[in-house]
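Just below is one structure, and these are the notes that go with it.
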Amino acid sequence: MSGAKVVSDAPEAARELAERVGCAKSVVFFGGAGVSTASGIPDFRSEDGLYHQKFKYPPEEMLSHEFYLTHAEEFFDFYRTRMIALGAKPNQAHHKLAELEREGKLAAVVTQNIDGLHQAAGSKRVFELHGSVHRNICQRCGHVYPAEWIMGTTGIPHCEKCGGRIKPDVVLYGESLDEKTLAGAAEAIQSCDMLIIGGTSLVVYPAAGLVRYFQGDDLVIVNRLPTPQDSAADLVCACDIAKAFAF
Ligand SMILES: [Zn+2]
């Protein structure tokens with residue numbers, strides 16, 4: 001059964017989105033890599049993304065906990081050059097979502113991105129399912145270092161206070177998601193009456209599973225390409241995410 005209205009014209013999508021958000025009591029946004037690519041951050045899975053570039057090791061391997069432990073220097077080299085993107089700026093989607101939260105319309109952002117751009121735009125309640133490059137934690141004393149500090153180090157960074165090993169607060173392959181974050185995201189999705197899913201194909205765990213918590217009455221998907229959930233949506237905006245949030 002397919003009841004979704006599909007809009008591919010960006011200005012029309014923005015008008016439609018504005019109207020629906022206006023009618024909603026409580027909105028939650030669930031975002032994937034597409035939200036960040038609109039800010040120039042490469043998508044790990046897209047055609048020109050990291051997985052299609054040539055590295056000495058496959059990116060999946062370099063982004064694994066095992067690699068972090070056994071090839072720490074190469075891991076941090078990859079982390080500094082490919083994962084931390086300090087020059088990236090929030091786009092219109094980030095800005096609009098922050099504005100909607102300030103207005104009391106948006107309850108939470110759930111994101112699969114690790115770039116901190118939602119917070120940079122002013123969002124406060126953000127569930128970062130895969131962590132953030134902006135927190136790098138000493139495994140011995142717990143001191144937290146910002147991404148800028150990591151960028152100022154070379155080789156394997158060590159804690160300035162105790163010499164301990166630093167671990168980015170990013171969920172690597174082979175690691176499980178933070179349970180508190182996951183539970184908070186599920187609760188937020190369960191409690192809202194409008195869920196906007198943006199910039200994700202919804203095929204990657206845990207996106208598909210979390211969407212099942214939604215019990216509200218307006219499900220909107222903003223993604224340039226079709227997703228497996230399109231038929232369950234009320235509105236599908238098949239356009240650029242930043243343009244869809246230009247309202
Ligand atoms: Zn330490």
Side-chain angles (χ1 to χ4, degrees), residues 31-33 35-36 39-44 49-51 53 55-90 94 98 101 108-188 204-207 210:
V35 181
S36 293
S39 284
I41 292 172
D43 176 356
F44 289 172
L50 285 182
Y51 285 152
Q53 295 176 20
F55 292 105
K56 199 171 155 195
Y57 303 92
E60 273 122 330
E61 193 180 329
M62 285 191 281
L63 293 169
S64 69
H65 186 75
E66 179 70 22
F67 196 81
Y68 159 77
L69 291 176
T70 57
H71 297 72
E73 193 163 350
E74 283 154 307
F75 172 87
F76 277 103
D77 184 40
F78 184 79
Y79 182 58
R80 285 189 199 93
T81 56
R82 302 286 165 168
M83 296 172 75
I84 298 177
L86 293 179
K89 299 268 184 292
H94 298 104
E101 185 184 29
V109 167
V110 179
T111 183
Q112 295 177 285
N113 300 325
I114 57 173
D115 48 48
L117 288 181
H118 285 290
Q119 290 91 333
S123 285
K124 303 287 182 217
R125 197 160 180 246
V126 183
F127 294 100
E128 297 172 308
L129 297 175
H130 294 162
S132 172
V133 298
H134 297 286
R135 295 183 300 271
N136 302 277
I137 304 165
C138 171
Q139 300 299 287
R140 191 183 293 164
C141 76
H143 191 79
V144 182
Y145 292 92
E148 288 82 357
W149 182 84
I150 292 282
M151 293 307 285
T153 63
T154 52
I156 304 168
H158 289 280
C159 180
E160 284 176 352
K161 306 202 179 298
C162 76
R165 192 178 180 126
I166 307 290
K167 162 84 171 61
D169 189 16
V170 168
V171 179
L172 302 172
Y173 288 99
E175 294 180 325
S176 45
L177 273 64
D178 180 65
E179 278 183 34
K180 259 194 198 161
T181 307
L182 204 51
E187 199 275 332
V204 183
Y205 174 85
L210 274 172

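Predicted, not measured: the structure shown is a model, and the values here were computed from it. Residues: numbered from 1 along the sequence shown. Just so you know, ligand 1 is whichever comes first in the structure, and atom 1 is the first atom listed for that ligand.
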Taken by chain and residue number, the protein N/O/S atoms under 2.8 Å from the Zn ion (ligand 1) read C138 SG, C141 SG, C159 SG, C162 SG
In short, side-chain hydrogen bond (donor to acceptor under 3.5 Å, both in side chains) pairs touching residues 116-125 with sequence neighbours left out are Q119-E128
Between F67 and the options F78, Y57, Y79, F75, the ring-ring contact (aromatic ring centres under 6.0 Å, His included) test singles out Y57
Does the D169 side chain pair with the main chain of G131, one donor and one acceptor, at a distance under 3.5 Å? no
Tell me whether E175 is salt-bridged to K167, with the criterion being a basic N under 4.0 Å from an acidic carboxylate O. yes
The side-chain contact (heavy atoms from CB on, under 4.5 Å) partner of I114 among V170, V171, I84 is V170
- Query: On the ring face of Y68, is R165 found with NZ or CZ under 6.0 Å from the centre and within 45° of the axis?
  - Reply: yes
